[in-house]
K.L.:
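Quick one: this structure, given as C-alpha cells, is what I'll be asking you about.
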There are 2 protein chains.
Amino acid sequence: MSQSEELKLAGLKTTLPRLKILELFDSNKSRHLSAEEIYKILLDEDAGIGLATIYRVLTQFETAGLVLRHNFGESSVFELADTDHHDHMVCVNCGKIIEFYDDKIEQQQINIAKAHDFTIHDHSLCLYGKCKNCQTA
Amino acid sequence: MSQSEELKLAGLKTTLPRLKILELFDSNKSRHLSAEEIYKILLDEDAGIGLATIYRVLTQFETAGLVLRHNFGESSVFELADTDHHDHMVCVNCGKIIEFYDDKIEQQQINIAKAHDFTIHDHSLCLYGKCKNCQTA
DNA sequence: CTTCTTGCAAATCATTTGCAGGGCG
DNA sequence: CGCCCTGCAAATGATTTGCAAGAAG
C-alpha cells in the first residue's frame, strides 16, 4: 500500500508534512523518532514544516493506529505500527533501542492480570541498562 | 526508625515540608502520590508549603533512595521505597494502582537481557487496563 | 467551493531554578 | 552564626491551541 493510500484509509488528506513524516519512518533505520528529531531532520531538508504540525500529525497517526507512542525518557518517541507487538530495551548511555518479544512474559502478564481480576488493555515493559558497546563506558 | 532519623540518615535537615511529606506517604493508603496531589493535600492543611518545595523534596528523597519515581501517566508519581521490588497495574478508569511481583517475569527479563548482551540497571513494567470494579463501566 | 491543514505565535502543563529571607544544627 | 531550606516568581522544555491564510478533493 502506498503512503498516500495509507493516509486516505486513515481519513487524512494527502499532504506534504504527512508524506514526509511517513517517509521518514519508512526509511529510517532507527525506527524510533521523537517529534523534535523529526523536526530537525525535516529542517535540514528545508521542507518548511513547523514543529506544531509534526505534533499534530503524530497524534493523528497515533489515533489512526499508524504509529505507537512510547514514553521512555522525558519526551515521547514514536514508531511505525507495522510490526507485531514487542517490548524495548533502552541503553541509558547511547540511547540505542533494542526490540524484543518474549512469549513467557506476555503469557505471564495475562495470568497475573487474571489473578487480580484485571483486564489488560495495554502494557509497557522497558528495560533500562547498557548495551554491548556501552558496558565498558 | 523515626522520620526525623530517616532524614538525618539521608543527610537532610529535619524540616516541616520533609516531615509532612514523609508523614503523608506513611499514612496514605494509596501509597502512590504525585507532586500535585501532595501539594493539594498540604494546602488543605494550611501548611504553607510551596509546590516547588515539594518537587525539591521529592527529588532529594529519590536521590536518597527514600522514594521511587514512576512515569505511569504524563506526570510522575512517587511511592515510598520501603517494600521489595514490584511492578504495577494501573486502572485507566479509576486510577487505582495494584502492585504485583512475579518471579517468572523477573527471571525472564534477565535471560532476555543476557541474550542481547545487555546489562539491566532498571526496568519498568506497567499493565494498563480496568480493575475489577471498572470492568462494567 | 468547502473543509481539512498548516505555520506561527501565544498558551499550557509539569517541573526547575534564581533569589532573598529564614531556620536548623 | 553559617549553610541548608523554603516560598515565590520567573524560567524551562515539551506539547497544545487559536487563528487566519493555504491547499486538497
Side-chain angles (χ1 to χ4, degrees), chain A residues 2-24 32-64 66-78 95, chain B residues 2-24 32-64 66-78 95:
Chain A
S2 77
Q3 294 171 335
S4 180
E5 288 172 319
E6 284 188 83
L7 289 175
K8 206 162 298 175
L9 202 61
L12 299 170
K13 288 184 179 175
T14 303
T15 65
L16 184 67
R18 289 173 182 158
L19 287 175
K20 281 284 184 189
I21 293 175
L22 268 190
E23 198 177 287
L24 248 188
H32 298 80
L33 298 165
S34 67
E36 198 69 40
E37 284 169 343
I38 293 175
Y39 179 61
K40 284 186 187 135
I41 294 174
L42 295 183
L43 251 195
D44 286 342
E45 295 185 17
D46 275 311
I49 297 174
L51 184 53
T53 298
I54 293 173
Y55 274 106
R56 271 186 293 233
V57 169
L58 287 172
T59 302
Q60 292 161 343
F61 282 6
E62 186 192 9
T63 302
L66 289 175
V67 304
L68 295 175
R69 177 196 300 254
H70 298 295
N71 278 99
F72 306 144
E74 42 273 3
S75 56
S76 299
V77 297
F78 300 80
Chain B
S2 75
Q3 294 171 336
S4 181
E5 289 173 318
E6 284 189 84
L7 290 174
K8 207 162 295 172
L9 203 60
L12 299 170
K13 288 183 177 173
T14 303
T15 65
L16 182 68
R18 289 172 182 159
L19 287 175
K20 281 284 184 189
I21 293 176
L22 267 191
E23 198 177 288
L24 249 189
H32 298 81
L33 298 164
S34 67
E36 198 68 40
E37 285 169 343
I38 293 174
Y39 179 61
K40 283 184 188 136
I41 294 174
L42 294 183
L43 251 195
D44 286 342
E45 297 185 17
D46 275 311
I49 297 174
L51 185 53
T53 298
I54 293 172
Y55 274 106
R56 270 186 294 234
V57 169
L58 287 172
T59 303
Q60 293 162 344
F61 282 5
E62 186 193 9
T63 303
L66 289 176
V67 303
L68 294 176
R69 176 196 302 254
H70 298 295
N71 279 100
F72 306 145
E74 40 275 1
S75 55
S76 300
V77 296
F78 300 79

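Note that the structure is a prediction, hence the values are computed from the model and not measured.
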K.L.:
Whole angstroms only, please: what is the CG-C1' distance between B:Leu7 and C:dG25?
P.N.:
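Rounded to the whole Å, the gap is 14 Å.
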K.L.:
Just to be sure I understand the rule, does A:Thr53 reach a base, reach only the sugar-phosphate, or reach nothing, if contact means heavy atoms closer than 4.0 Å?
P.N.:
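A:Thr53: base contact, heavy atoms under 4.0 Å.
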K.L.:
For a quick test of reading the model: is some side-chain N or O of B:Tyr55 closer than 4.0 Å to OP1 or OP2 of C:dT16?
P.N.:
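Checking B:Tyr55 against C:dT16: no side-chain N or O falls below 4.0 Å of OP1 or OP2.
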K.L.:
Step by step, work out the side chain to side chain contact (heavy atoms under 4.5 Å, CB included) result for A:Ile21 and A:Leu42.
P.N.:
CA-CA 9 Å; A:Ile21 293 175; A:Leu42 295 183; 4.2 Å; yes
K.L.:
If you check the B:Val57 side chain, which of D:dT6, C:dT16, D:dT16 turns out closest?
P.N.:
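Nearest nucleotide to the side chain: D:dT6.
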K.L.:
Does the protein touch nucleotides 19-25 of chain D at the base, only the backbone, or not at all? Give it as B, S and - per nucleotide, heavy atoms under 4.0 Å.
P.N.:
-----BS
K.L.:
Using whole Å, report how far NZ of A:Lys20 lies from P of C:dT6.
P.N.:
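To the nearest whole Å, that distance equals 14 Å.
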K.L.:
Does a side-chain N or O of A:Arg18 approach OP1 or OP2 of C:dT6 to a distance below 4.0 Å, or not?
P.N.:
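So the side chain of A:Arg18 is within the cut-off, an N or O lying under 4.0 Å from OP1 or OP2 of C:dT6.
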K.L.:
Is there a residue in residues 34-52 of chain A whose heavy atoms reach under 4.0 Å of DNA chain C, and which residues are they?
P.N.:
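By residue number: A:Gly48, A:Ile49, A:Gly50, A:Ala52.
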K.L.:
Send over the distance from A:Glu74 CD to D:dT12 P, rounded to a whole Å.
P.N.:
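So the CD-P distance, A:Glu74 to D:dT12, works out to 17 Å.
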K.L.:
Counting heavy atoms not belonging to B:Glu45, are there more than 12 under 6.0 Å from its CD?
P.N.:
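Atom CD in B:Glu45 is packed in, count exceeds 12.
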K.L.:
Checking side chain to side chain contact (heavy atoms under 4.5 Å, CB included) for the pair A:Leu7/A:Phe61: CA distance, chi angles, key distance, verdict?
P.N.:
CA-CA 9 Å; A:Leu7 289 175; A:Phe61 282 6; 3.6 Å; yes
K.L.:
Which distance, rounded to the nearest 0.5 Å, do you find between the NE2 of B:His32 and the CG of B:Leu68?
P.N.:
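Separation between the atoms: 8.5 Å.
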K.L.:
Starting at atom CD1 of B:Ile54, determine the distance to atom C1' of D:dT6, rounded to an integer number of angstrom.
P.N.:
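In whole Å, D:dT6 C1' and B:Ile54 CD1 are 12 Å from each other.
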K.L.:
Which value, rounded to the nearest 0.5 Å, describes the distance between A:Leu16 atom CG and A:Glu23 atom CD?
P.N.:
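Taking CG in A:Leu16 and CD in A:Glu23, the distance rounds to 9.0 Å.
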K.L.:
If I take atom CG in residue A:Leu33 and atom P in nucleotide D:dT15, what distance separates them, rounded to the nearest angstrom?
P.N.:
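In whole Å, D:dT15 P lies 13 Å from A:Leu33 CG.
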K.L.:
As an exercise, state the distance from CZ of A:Arg18 to NZ of A:Lys13, rounded to the nearest 0.5 Å.
P.N.:
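Output value for this atom pair is 9.0 Å.
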K.L.:
Roughly how many Å is it from CD in B:Gln60 to C1' in D:dC4, rounded to a whole number?
P.N.:
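After rounding, the gap between these two atoms is 10 Å.
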K.L.:
Once you round to the nearest 0.5 Å, how far does CD1 of B:Ile54 lie from OG1 of B:Thr59?
P.N.:
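B:Ile54 atom CD1 to B:Thr59 atom OG1 measures 11.5 Å (nearest 0.5 Å).
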K.L.:
Would A:Ile38 and A:Leu24 count as a side chain to side chain contact (heavy atoms under 4.5 Å, CB included) here? Give the steps.
P.N.:
CA-CA 8 Å; A:Ile38 293 175; A:Leu24 248 188; 3.9 Å; yes
K.L.:
Could you grab the distance from atom CG of A:Leu66 to atom CD of A:Gln3, nearest 0.5 Å is fine?
P.N.:
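One finds 10.5 Å between CG of A:Leu66 and CD of A:Gln3.
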